[in-house]
Amino acid sequence: MQNVNSNRVFKRNKKEPNTEGEYVLYWMQINRRFQYNYALEYAVGWANKLNKPLLIYEGLNCEYPWASDRVHHFMMQGMQENLEIARKKQLNYHSYLEDAKGAGKGLLYQLVENASCLITDEYPVFIMREHNERVSQKVDIPYITVDSNGIIPLGLTEKDPYSAYFFRKIMQKNFLECYTHPPKKDPLRDLENNNSIQLTEDFLKKYPSAEKPLKNKKSFISNLPIRHDISVLEIQGTRQSALGKLGQFINYGLLDYDEKRNDPDENKTSGLSPWLHFGKISEYEIVNAVLDHQPKGWDLDSISYNNGSTGGFFNGDPNIDGFLDEVITWREVGFHFAHHRPDYAEFESLPDWALETLKKHASDPRDYVYSFEELEQSKTHDEIWNAAQTQLREEGIIHNYLRMLWGKKVMQWTPDPRTALDYLIELNNLYAIDGRDPNSYSGIFWCFGRFDRAWQERPIFGKTRYMTSDSTRKKVKLKQYLKKYGNQQTLDV
Ligand SMILES: Cc1cc2nc3c(=O)[nH]c(=O)nc-3n(C[C@H](O)[C@H](O)[C@H](O)COP(=O)(O)OP(=O)(O)OC[C@H]3O[C@@H](n4cnc5c(N)ncnc54)[C@H](O)[C@@H]3O)c2cc1C
């Protein structure tokens, strides 16, 4: 990767691959797809250079934070799809599902014993961040993480972007170069050494293929030491579903996005965040598909740097331009922030002005204070908030506009901002299928001032942005939404 994409490669333990070892190992941690995947492409590149076969490992343990039936089931659907693809393409692919706490311990290190190098996904939050820091120090072979998360490589920014405007400037300066160095659609087509890799019987006995449990997901999951009260969703965690969702959005939502995206009743956003989170679809292919729908005559030459402003950059259909700002700028600002800030999940990571104003107002009297359990079960006096929380609990997602209100209200109804932050992280990451993502922390911390500016000072919120359910009711179409998720649980006051 000798171009802008070299900024995607992180040689974690500074070791260089050499010809020792039987195979190149790719550990698929978060970008769980065979297509448009820079890390897989990089692993294929090393396999070819060293004339080795490639072993792809995809696993799922049961001890990750907020582990639940919901997350497990969604991920297992994706793993089943990958297993079928791997079989069809005769890939060297091992998938493993831990069936008891600690059962998978040592698996990766055993695979490493015969590997020339270990290539895996760069990801700035959650357990992947910890894995990449910890495992890279424990293995003797090169440990290389490759960023396949967005259009602008993580290594291109020098520090954490403090605002979307600041990041948008960087994005606008670099978009064309990055976009025109895309990941390959099918990197495995280039793999030259297709020799089969035989894992030992001992290994397979200890860490058997996931094939069997994947056929009996529900019964397998029911025996795991994870949360069983977070229900399985109707949506499917497969790449095929992600592509279907993208097609549906392009046909029925994209050209109404600007006007209707904030209306919960309209359902005009893409709904792609769950699949983006688990890497079943790449941001590049979304951007590529969407740009194909710019008006006739539009091409990449229409793009002009606009000093970080939202409009006047893509210079195409305003709906498409608006969507691209969300999926590129707003999605990626959080990845770049977390990449530079190990404290991305800490209250203290907020900007100084926000810390100051929130501390000043921390003990302002609150009209309502709810416990975590009351919030979790949608038991507040506020119909719109309850509906949003019910959607989160039952469907693993909240409509974007309401997600902002949802966060803001928890700030207002908890004893202090730190408690609000803890509750929001817990509710979001436990129930949201797109949770535990850099965007989870962007969205939640945005409620407390991250990436935002100071507004007029008010009780409780201080100078952070203020939102109310009354103004939301006036501003967006909610009738059907409230009919579907609302009312049942509202407390009389
Ligand atoms: C309190 C709070 C919590 C949030 N938690 C999460 C979370 O856990 N996971 C998550 O992916 N997003 C989160 N968001 C951001 C945003 O709400 C979702 O990304 C968006 O609603 C997903 O719906 P969609 O795919 O239909 O979005 P679309 O409008 O179709 O946008 C396409 C994609 O662009 C990105 N995007 C859109 N809006 C935003 C935004 N405001 N910030 C960052 N990226 C954005 C997402 O990747 C999204 O999938 C949170 C926002 C708030 C205010």
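Just so you know, ligand 1 is whichever comes first in the structure, and atom 1 is the first atom listed for that ligand.
Checking Trp406, Tyr485, Tyr431 one by one against Gln389, the side chain to side chain donor-acceptor pair (under 3.5 Å) holds for a single residue, Trp406.
Atom 29 (O) of ligand 1 has Tyr257 OH, 2.5 Å as its closest protein atom, hydrogens excluded (heavy atom only). From the protein, the heavy atom lying nearest to atom 16 (C) of ligand 1 is Asn400 OD1, 3.3 Å. The nearest heavy-atom contact from the protein to atom 7 (C) of ligand 1 is Arg403 NH2, 3.2 Å. When hydrogens are left out, the protein atom nearest atom 9 (N) of ligand 1 is Asp434 O, 2.9 Å; that is the closest non-hydrogen contact. Atom 52 (C) of ligand 1 has as its closest protein heavy atom Gly443 CA, 3.4 Å. Atom 36 (N) of ligand 1 has its closest protein heavy atom at Glu326 O, 3.7 Å. Ranking protein heavy atoms by distance to atom 24 (P) of ligand 1, first place goes to Gly271 N, 3.6 Å.
The backbone N or O of Ala67 sits nowhere less than 3.5 Å from a side-chain atom of Arg70 that would complete a donor-acceptor pair.
Relative orientation of the Phe323 and Tyr257 rings is perpendicular, given thresholds of 30° and 60° on the angle between their planes.
Close N/O approach between Asn439 and ligand 1 is found [any backbone or side-chain N/O within under 3.5 Å]. The shortest N/O to N/O separation between Ala432 and ligand 1 does not fall below 3.5 Å. Considering backbone and side-chain atoms alike, Ser270 places an N or O below 3.5 Å from some N or O of ligand 1. Checked by distance only, ligand 1 and Thr269 come closer than 3.5 Å through their nitrogen or oxygen atoms. Between Ser440 and ligand 1, an N or O atom pair is found at a separation short of 3.5 Å. Considering both main-chain and side-chain atoms, Cys447 never comes within under 3.5 Å of ligand 1 through any nitrogen or oxygen pair.
Contact atoms of ligand 1 toward Val327: 33 (C), 34 (O) (distance under 4.0 Å to a heavy atom of the residue). Atoms of ligand 1 found under 4.0 Å from any heavy atom of Leu272, numbered from 1 in the order shown, are 25 (O). Listed by number with element, the atoms of ligand 1 under 4.0 Å from a non-hydrogen atom of Met404 are 53 (C). Every atom of ligand 1 is numbered from 1 in the order shown, and the set under 4.0 Å from a heavy atom of Ser273 is 11 (O), 22 (C), 23 (O), 25 (O), 49 (O).
Judged by distance alone, the side chains of Ser469 and Thr472 never bring a donor and an acceptor atom under 3.5 Å apart. Side-chain contact annotation: Arg393 with Ser378, donor-acceptor N/O pair under 3.5 Å present. Side-chain atoms of His361 and Asp364 include a donor-acceptor pair closer than 3.5 Å. Residues Gln172 and Asn307 bring no donor and acceptor atom of their side chains to less than 3.5 Å of each other. Side-chain contact, Gln480 with Lys483: no donor N or O sits under 3.5 Å from an acceptor N or O. Using modelled atom types and a 3.5 Å distance limit, the side chains of Trp27 and Glu58 yield no donor-acceptor pair.
Counting heavy atoms under 4.0 Å from ligand 1, residue Phe323 touches it through the side chain alone. With a 4.0 Å heavy-atom cut-off, ligand 1 is reached by the side chain of Asn428 but not by its N, CA, C or O. Contacts of Leu276 with ligand 1, taken as heavy-atom pairs under 4.0 Å, involve the side chain alone.
Not a single heavy atom of Phe249 sits less than 4.0 Å from an atom of ligand 1. Using 4.0 Å as the threshold, Gly435 has a heavy atom nearer than that to some atom of ligand 1.
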So Asp121 and Tyr26, side chain to side chain contact (heavy atoms under 4.5 Å, CB included) or not? Walk me through it. CA-CA 9 Å; Asp121 302 327; Tyr26 170 48; 2.6 Å; yes
Could you walk me through whether Ser440 and Asp437 satisfy the side chain to side chain donor-acceptor pair (under 3.5 Å) test, starting with their C-alpha distance in whole Å, then the side-chain angles of each, then the deciding distance to 0.1 Å, before giving a yes or no? CA-CA 5 Å; Ser440 316; Asp437 187 276; 5.1 Å; no
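Aromatic pair Phe347/Phe445: centroids not less than 6.0 angstrom apart.
Taking a cutoff of 4.0 Å between a charged side-chain nitrogen and a carboxylate oxygen, Glu81 and Arg239 do not qualify as a salt bridge.
No cation-pi contact links Arg32 to Phe278, judged by a cut-off of 6.0 Å to the six-membered ring centre and 45° from its axis.
Among Trp275, Tyr441, Trp330, the residue whose heavy atom lies nearest to atom 42 (N) of ligand 1 is Trp330.
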